[in-house]
Amino acid sequence: MSTQNNTHHPISFTLNGQKLQAEHGETILQVAKRSDITIPHLCYKDGLATDGNCRACVVEIDHERVLAPSCCRQPTEGMEVKSDSERAQKSQKMVLELLLSDMPETKYTPNNELTDWAEKMQVQTPRFDARKAVQQDLSHPAIAVNLDACIQCTRCLRACRDEQVNDVIGYAMRGAESKIVFDIDDPMGDSSCVGCGECVQACPTGALMPANNVGLEVPDKQVKSVCPYCGVGCQLTYNVKDNKILFVDGRDGPANQSRLCVKGRFGFDYVHNSERLTKPLIRRSDVPKNVDYIDFDPANPGTIFREASWDEALDFAADGLKKILKENGGEALAGLGSAKGSNEEAYLFQKLIRTGFKTNNVDHCTRLCHASSVIALLEGVGSGAVSNPMGDVSNADVIIITGANPTVNHPVGASWMKNAIKNGTKLILLDPRRSELTRHATHHVAFKPASDVALLNAMMHVIIKEDLTDKAFIESRTENYEELAAHLESYSPEAMEPVCGIKADKIREIARLYATADNAMILWGMGVSQHIHGTDNVRCLISLCMITGQIGREGTGLHPLRGQNNVQGASDVGLIPMVFPDYQPVTNEQARHRFETLWGTELSDKVGLTTVEIVNEAYNGNVKGLYVEGENPAMSDPDSNHARAGLAKLDHLIVQDIFLTETAYYADVVLPASAFPEKTGTFVNSDRSVQLGRQALDPPGEAKQDLWIIQEIAKRLGLDWQYDSAEPVFNEMRQGMDSIAGITWDRLQNESVTYPCKEEGDAGSPIIFTDSFPTQSGKALLVPAAIVAPDETPDQEYPFVLITGRQLEHWHTGSMTRRASTLDALEPEAYVAVNQRDLLSLGLEAGDTLKLQSRRGEITVKTRIDDLTPAGTVYMPFCYFEGAANQLTNAALDPDAKIAEVKYCAVRISAA
């Protein structure tokens, strides 16, 4: 997304007698649209490449023999153009009449652009015979294909190929037989379609529509908001009628420019699921806590809980906390907040734990995803946030993606990466597994799992030995380089080849490619961070970036890809145990005094427990009370059998959520909360952009806003809080957080703002570290990292490596997406992906039910052949309760970040 100034002079021309000016590269149609001059058009759509095939937008240009499509033609100086001449309008109407003759009698969408233009242009009933009927294709759970309404404008094709780069939609046959096809003319449900729905948003006639007649109702209101899923932070519009979301459209936000993925577009109806919690629940006195609730039906909570009034439930929740606080002190209490909620909710939650519970035992899911990234970045560059936005890949000559599968985890972000690659950017993909991005990669480097440090150190060895470093940058902006260089002496490519499994020549090739690029960018995911050496992995990425000077300008830098919609914001506002908001250490006297003054109370200077440590201490009997807001540790924590046993041992567990999650089974009191579309608040995406999510629906039944629930607990603990909405909470956050001090609530009504933004009126800072780093010295610290073996490695008893991750259609622990009807129809059951060679050696076939065992537990699950997964390795998504991968994963912790090694453990496979 280049910011170069346009040095071309405007072009003056006339359109329908009106003098206009066009910027360089603008078409006649684009100038007309911004000048409120109406020209019919169908194949043209903002954001798509122009095609000029429908000819509805033709105009007459003086002294030219033929009519010209205004969507493709750029004006020249002094050109005279008419779109309203008799000749032009006769042609426009004829095109519309011909296309209209093929339209079915029943419209598939109330927003049919063809019929709308026909009415505006006063086109009469067509005089031409319709083409032969085309059978409807309803094979895809998300998208209905109605090719009888297709005008072959190819907007869907361009959206699929050029925008999303999924390459599913094509244009086949000739003449009267020509048509839109999916792959090799497959039914859409059998094709490689990923369900992003970009074709649906692009289609002007309803030839491609949401399935189940979703788009036929006309909404009574539209609400601008943001997506509740991954960290890309796509802006969207909820189309609502009678307190129900009908459908979702992409909005032109900075992170997505109207694009969405299958979850953002079709994963909204979880909010209307019949299993929504609508009344407070208290555990029945005759039902003890059990470790195993696998047969519990969340649709029938009465087997464990009884309904209660809000006053009874809140009093019960607070009384249990006060009892533990009085008898055992604040260190026996803890809180787990949510990266799915707003900044204001996360801020109030951590404030409650610190001021009401009198402890820093507060954390959220960042401990299970990017804690090691944050720790290494704070140590190395003084900030845990990304240096450059995701879309800045368009300005990079080379990008490294490692430990991440963006097409699954960050699909819209992946589309920017694929767009950049199509425009010449080279991709170095470092990943033990193949992925959809492999076909776009200049180099796919399939190193041995958990050998990141060996590979990255070998790359740096090459860069130093071949004198490819940026000496001026190292001298002026880094420290500890000499120690790093000395450490890397023993990490030659030849020495590391047997460790990481990559040929020495290949290591040299990719090291040279990265180091010699004018602009190069590194993006990584949880395949890097979720190891006991995760912090060391990120230290290596930081050093690789710094010794080549690839930071502080467009198309460079470091970007940890955030997994949840507000994991960045929740961390920023202090929902982590070692820092106050804005990453101010709880051990720092000045920081502590600042928040004691702001909050009017004394605060603990003791670093609190992390997520896994909280559960461990619950198991050990030291943490006796836990407040869980919007998290699901019974599914997300590693060694979940142990985690569930810890939850069962708690004296008092409060769960605040929208569904009776697996964690809620162990609760003493359950508080029904608000889903994402039912609240207003701010959220921070992976790019550091602060965005406003707006309430579109009322919560069901007696469910309440999370901000209200947190305050009611606080009041019962003696805290005098009076926040009537998210706005006053945000204003208080600004007082304690210099990074957002310049962002006003009013400004967020109209735009996204990227922090740091310290003064009102500042533009914000999409690219940071341009001149210095926010460290004490102003320089980046280069930290050497040695090879550390995984906590456990394959052996004769457990010969396979288990890698876990997300999948495109589901998100996190599945509590939302598995209750979204379309998403669950696309991927309804748990599976383990196994290389075909391994299946054959075990005498098994795809679809067989396997027993998967580790040293911590076992599950039975169906298998899929997956040659993306290397031999000796199996892969499982962790979103399925009935096949919970985290029953197998290892809870061994990175010593620096306290993140668990859920990306690597030893397992064995056998027939069930």
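Because the structure is predicted, anything quoted here is derived from the model rather than measured.
- Between Leu98 and Met94, some side-chain heavy-atom pair lies under the 4.5 Å cut-off.
- Contact check for Val58 versus Gln92: side-chain heavy atoms found under the 4.5 Å cut-off.
- A donor-acceptor pair shorter than 3.5 Å cannot be found between the side chains of Thr680 and Gln695.
- Taken from CD in Gln807 to CG in Asn409, the straight-line distance is 10.5 Å, to the nearest 0.5 Å.
- Using a cut-off of 4.0 Å between Lys/Arg side-chain N and Asp/Glu carboxylate O, Arg747 and Glu751 are scored as salt-bridged.
- Leu561 and Pro406 make their closest contact through CD1-CG, 4.3 Å (heavy atoms, listed as atom of the first residue, atom of the second, distance).
- Smallest separation of non-hydrogen atoms from Leu808 and Thr407: CD1-O, 3.6 Å.
- Look at Glu177 and Arg174 and you find no salt bridge, because none of the NZ, NE, NH1 or NH2 atoms lies under 4.0 Å from a carboxylate O.
- In this structure, the side chains of Asn519 and Glu554 stay at 4.5 Å or more apart for every pair of heavy atoms.
- Lys426 contributes atom NZ, which lies 8.0 Å from atom CG of Asp397 (distance to the nearest 0.5 angstrom).
- Taking CD1 from Ile143 and CZ from Phe182, the interatomic distance works out to 8.0 Å, rounded to the nearest 0.5 Å.
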Would you sort out whether Gln18 and Ser35 count as a side chain to side chain donor-acceptor pair (under 3.5 Å), showing the intermediate values?
CA-CA 10 Å; Gln18 184 176 337; Ser35 304; 5.4 Å; no
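- Residues Val386 and Ile768 come closest through the heavy atom pair O-CD1, 3.6 Å.
- Side-chain contact, Asp249 with Asn239: a donor N or O sits under 3.5 Å from an acceptor N or O.
- Using modelled atom types, one side-chain atom of Arg688 and one backbone atom of Ser765 make a donor-acceptor pair closer than 3.5 Å.
- Remark: the backbone N or O of Leu692 is not paired with any side-chain donor or acceptor of Lys224 at under 3.5 angstrom.
- Listed by first and then second residue, the side-chain hydrogen bond (donor to acceptor under 3.5 Å, both in side chains) pairs that reach into residues 66-75 are Glu64-Arg73, sequence neighbours excluded.
- Between Gln152 and Ser178, the side chains place a donor N or O and an acceptor N or O closer than 3.5 Å (distance only, hydrogens not considered).
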Check against side chain to side chain donor-acceptor pair (under 3.5 Å), Ser139 and Asp137
CA-CA 6 Å; Ser139 60; Asp137 175 5; 2.7 Å; yes
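- Contact annotation: the side chain of His559 approaches that of Ser686 to within less than 4.5 Å [non-hydrogen atoms, C-beta and beyond].
- Here the side chains of Pro204 and Ile151 are in contact, with some heavy-atom distance below 4.5 Å.
- Remark: the Gln550 side chain and the Arg553 side chain contain an N/O donor-acceptor pair separated by less than 3.5 Å.
- Annotation: side chain of Cys72 is not in contact with side chain of Thr27 (no heavy-atom distance under 4.5 Å).
- Between Asp746 and Thr744, the side chains place no donor N or O within less than 3.5 Å of an acceptor N or O (distance only, hydrogens not considered).
- Between the side chain of Thr205 and the main chain of Ala149, a donor-acceptor pair closer than 3.5 Å is present.
- Formation of a donor-acceptor pair under 3.5 Å by the Gln691 side chain with backbone atoms of Gly233 is found in this model.
- The two residues Glu198 and Leu260 come nearest to each other via the heavy atoms OE1-N, 3.5 Å.
- Of all heavy-atom pairs spanning Glu809 and Val262, the tightest one is CA-CG1, 4.4 Å.
- To the nearest 0.5 Å, atoms CD (Glu80) and CZ (Phe13) are separated by 11.5 Å.
- Atom CG of residue Leu20 and atom CD1 of residue Ile37 lie 5.0 Å apart, to the nearest 0.5 angstrom.
- Each of Glu163, His410, Arg259 was evaluated against Ser415; a single residue qualifies, Arg259, per the side-chain hydrogen bond (donor to acceptor under 3.5 Å, both in side chains) test.
- Taking every heavy atom of both residues into account, Arg34 and Gln21 meet most closely at NH2-O, 2.6 Å.
- When side chains are defined from C-beta on, His440 does not count as touching Lys422, because their heavy atoms never get closer than 4.5 Å.
- Here Asp46 contributes atom CG and Ser258 contributes atom OG; the two are 8.5 Å apart, rounded to the nearest 0.5 Å.
- Side-chain contact between Trp416 and Pro389 is absent, with no heavy atoms from C-beta onward closer than 4.5 Å.
- Under 3.5 Å, the side chains of Asn566 and Ser342 contain no donor-acceptor pair of N or O atoms.
- Aromatic ring orientation, Trp811 versus Tyr229: perpendicular (interplanar angle above 60°, classes split at 30° and 60°).
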Please assess Arg155 against Glu113 for the test salt bridge (Lys or Arg N to Asp or Glu O under 4.0 Å), listing each intermediate value before the final yes or no.
CA-CA 13 Å; Arg155 275 164 50 167; Glu113 294 176 35; 2.9 Å; yes
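- The backbone N or O of Leu558 sits less than 3.5 Å from a side-chain atom of Ser387, completing a donor-acceptor pair.
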